[in-house]
Number of protein chains: 2
Amino acid sequence: MSMPHRSRAERRRATEARILASARRLFAEKGYERTTIRAVASAAGVDPALVMQYFGAKRDLFTRAVQAVPELPTASDADALTDQLLTTLGLKLGGLPEGVLAMMRSMLTDPAAADQVRDALTRQIEAVTAAMPAAEDPELRAALLVSALLGITIGHQLLGLPPLRGAEADRIVGIIRPAVKSLTASAD
Amino acid sequence: MSMPHRSRAERRRATEARILASARRLFAEKGYERTTIRAVASAAGVDPALVMQYFGAKRDLFTRAVQAVPELPTASDADALTDQLLTTLGLKLGGLPEGVLAMMRSMLTDPAAADQVRDALTRQIEAVTAAMPAAEDPELRAALLVSALLGITIGHQLLGLPPLRGAEADRIVGIIRPAVKSLTASAD
DNA sequence: TCAGTGAGTCAACAAGCGTTGAGCGAATGG
DNA sequence: CCATTCGCTCAACGCTTGTTGACTCACTGA
């Protein structure tokens with residue numbers, strides 16, 4: 001059934017990956033505080049002490065579990081910007097990676113996660129500001145736009161708001177896109 | 001200096017109120033899990049056991065601390081609806097009550113808080129849906145609208161996103177209101 | 001074959017948590 | 001003035017948590 005004989009290094013990397021995957025899943029599901037090392041270990045079929053041995057401390061495990069997907073290239077025109085926003089916040093391409101969900105889940109109750117999200121969103125806001133034609137208050141408008149999309153992501157992926165829960169991403173994007181475009185354009 | 005002689009009942013109600021206020025502040029600041037009974041008691045200048053004696057259990061204290069402000073009357077026309085939405089999500093009238101902030105702070109990591117927020121938002125969504133002219137997908141549009149405003153509230157009150165942090169509510173409302181109105185109207 | 005490495009387990013620690021029951025001491029009311 | 005109530009504290013409980021050090025034992029490489 002299983003792979004017959006793997007080298008020690010292979011097995012080690014496999015267990016480490018299994019632990020990391022369990023950690024990501026649980027962090028995304030329950031957040032930092034309510035996820036215990038014991039639960040991660042048990043989900044990975046391993047002793048709690050091994051988790052510490054491989055990752056050092058719970059905080060380090062969390063850091064490893066949520067370390068960001070590579071930054072998207074800065075969009076130049078409004079259409080590309082819209083797509084970038086929708087993708088970054090997981091409204092396209094079948095949801096967000098579990099690590100990002102874990103970070104979002106913990107951002108309101110864990111200061112470290114809050115800092116990380118704040119930084120990421122600030123970068124997004126700067127990109128949107130730069131790509132925005134000379135409207136009044138471009139920074140504020142960009143921040144409001146990004147926050148609004150964040151809220152939709154939360155309602156959809158983290159809170160499971162009934163009408164959003166069942167809706168496919170395409171229908172959501174279909175409704176949002178024109179609104180986003182009208183906000184990034186200079187007209188109000 | 002202080003009130004000279006208060007009755008026993010008065011003093012008791014005063015301490016109970018002090019405990020509840022401390023609980024609200026800490027729950028709003030740190031969320032359910034990271035707020036300890038000991039911290040609440042210490043902030044209220046009181047022994048932890050007294051908190052239990054007055055409120056029964058930590059969960060009950062939380063319930064008391066976040067019990068909702070009275071529901072707003074359902075708006076009939078689009079303008080009133082917009083105002084109601086902006087007010088409910090704390091974007092008008094100088095921020096949200098601390099109990100609501102506490103509920104929001106905990107909604108991603110505490111299942112009970114999540115349920116309560118989901119219910120409150122669902123009611124809001126139903127109100128918006130009902131008040132919306134016959135557009136396509138009114139429920140989905142309403143849910144997206146409410147989620148977007150929720151996101152703005154989070155970015156503003158809970159995350160403290162730099163460009164939103166300094167902005168007064170009036171400027172934010174000034175930018176949002178036309179967008180909300182254009183979304184609640186039937187045109188897309 | 002055999003010392004040695006290293007993956008993984010076991011048992012325990014200290015700290016912090018929610019929660020409890022007994023007790024103190026001042027205000028109360030007759 | 002005395003017995004009682006009651007707001008409040010004290011000290012401790014049982015439990016869970018992150019974390020650690022010693023141990024086991026299968027596999028490695030010479």
Side-chain angles (χ1 to χ4, degrees), chain A residues 2-24 26-27 29-66 102 106 109-113, chain B residues 2-24 26-27 29-66 102 106 109-113:
Chain A
S2 60
M3 320 268 171
H5 40 74
R6 292 181 293 177
S7 85
R8 264 231 275 238
E10 277 179 284
R11 284 189 59 83
R12 189 204 146 115
R13 252 173 301 146
T15 344
E16 186 172 320
R18 217 171 57 239
I19 294 174
L20 198 58
S22 301
R24 256 193 273 263
L26 286 170
F27 280 137
E29 211 172 90
K30 299 175 165 303
Y32 180 82
E33 198 85 28
R34 295 175 72 98
T35 297
T36 69
I37 295 286
R38 284 169 161 88
V40 170
S42 155
V46 137
D47 190 274
L50 195 64
V51 178
M52 306 302 298
Q53 199 171 137
Y54 283 179
F55 294 92
K58 186 189 182 185
R59 178 61 59 183
D60 300 338
L61 175 61
F62 183 72
T63 303
R64 286 283 306 273
V66 305
S106 306
T109 39
D110 185 81
Chain B
S2 59
M3 321 268 171
H5 41 76
R6 292 180 294 179
S7 86
R8 217 125 83 162
E10 277 180 282
R11 285 189 57 84
R12 189 204 145 114
R13 253 175 299 145
T15 11
E16 186 171 324
R18 217 171 55 239
I19 294 174
L20 197 59
S22 301
R24 257 194 274 264
L26 286 170
F27 280 137
E29 210 172 274
K30 301 174 164 305
Y32 181 81
E33 197 84 31
R34 295 174 73 98
T35 296
T36 69
I37 295 285
R38 284 167 160 89
V40 170
S42 156
V46 140
D47 191 275
L50 193 65
V51 178
M52 308 301 299
Q53 201 173 131
Y54 282 178
F55 295 92
K58 184 186 182 183
R59 178 61 58 183
D60 300 338
L61 176 61
F62 183 74
T63 303
R64 287 283 306 273
V66 305
S106 305
T109 39
D110 185 79

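In what follows, chains carry the letters A, B, and so on, assigned in the order in which the sequence lines appear, proteins first and then strands, with residues in each chain numbered from 1.
Rounded to an integer number of Å, the gap from CZ of Arg11(A) to P of dC25(D) is 17 Å. Atom CD1 in Ile19(A) sits about 13 Å away from atom C1' in dT9(C), given to the nearest Å. Rounded to whole angstrom, the span from the CG atom of Asp47(A) across to the P atom of dG18(D) amounts to 13 Å. Across the protein-nucleic acid pair, Glu10(A) atom CD and dA7(C) atom P stand 13 Å apart, rounded to whole Å. A straight line from CZ of Arg59(A) to C1' of dT17(D) spans 15 Å, rounded to a whole angstrom. What separates CZ of Arg38(A) from P of dT9(C) is a distance of 14 Å, to the nearest Å.
When all heavy atoms of Arg18(B) and Gly45(B) are compared, the closest pair comes out as NH2-O, 4.2 Å.
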Can you check nucleotides 2-5 of chain D for protein contacts, nitrogen or oxygen pairs under 3.5 Å, and list what you find?
unit_1: dT5(D); atom_1: O2; unit_2: Arg8(B); atom_2: NH2; d: 2.6

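OP1 or OP2 of dG7(D) has at least one side-chain nitrogen or oxygen of Arg12(B) nearer than 4.0 Å. Remark: Thr15(B) is not in phosphate contact with dG7(D), judged by side-chain N or O atoms under 4.0 Å from OP1 or OP2.
Of the possible polar contacts, none joining the Lys58(B) side chain to the Met52(B) backbone as a donor-acceptor pair under 3.5 Å is found. Counting only distance, with no hydrogens or angles, the side chain of Lys30(A) and the backbone of Asp110(B) share no donor-acceptor pair below 3.5 Å. Of the possible polar contacts, none joining the Thr109(A) side chain to the Gly31(B) backbone as a donor-acceptor pair under 3.5 Å is found.
Between Ile37(A) and Gly45(B), the residue anchored closer to the 5' end of DNA chain D is Gly45(B), taking for each the nucleotide with the nearest heavy atom.
In this structure, Arg64(B) pairs ionically with Glu16(B), as a charged nitrogen and a carboxylate oxygen lie closer than 4.0 Å.
For the segment residues 48-58 of chain B, residues with any heavy atom less than 4.0 angstrom from an atom of DNA chain D are, sorted by number, Ala49(B), Leu50(B), Gln53(B), Tyr54(B).
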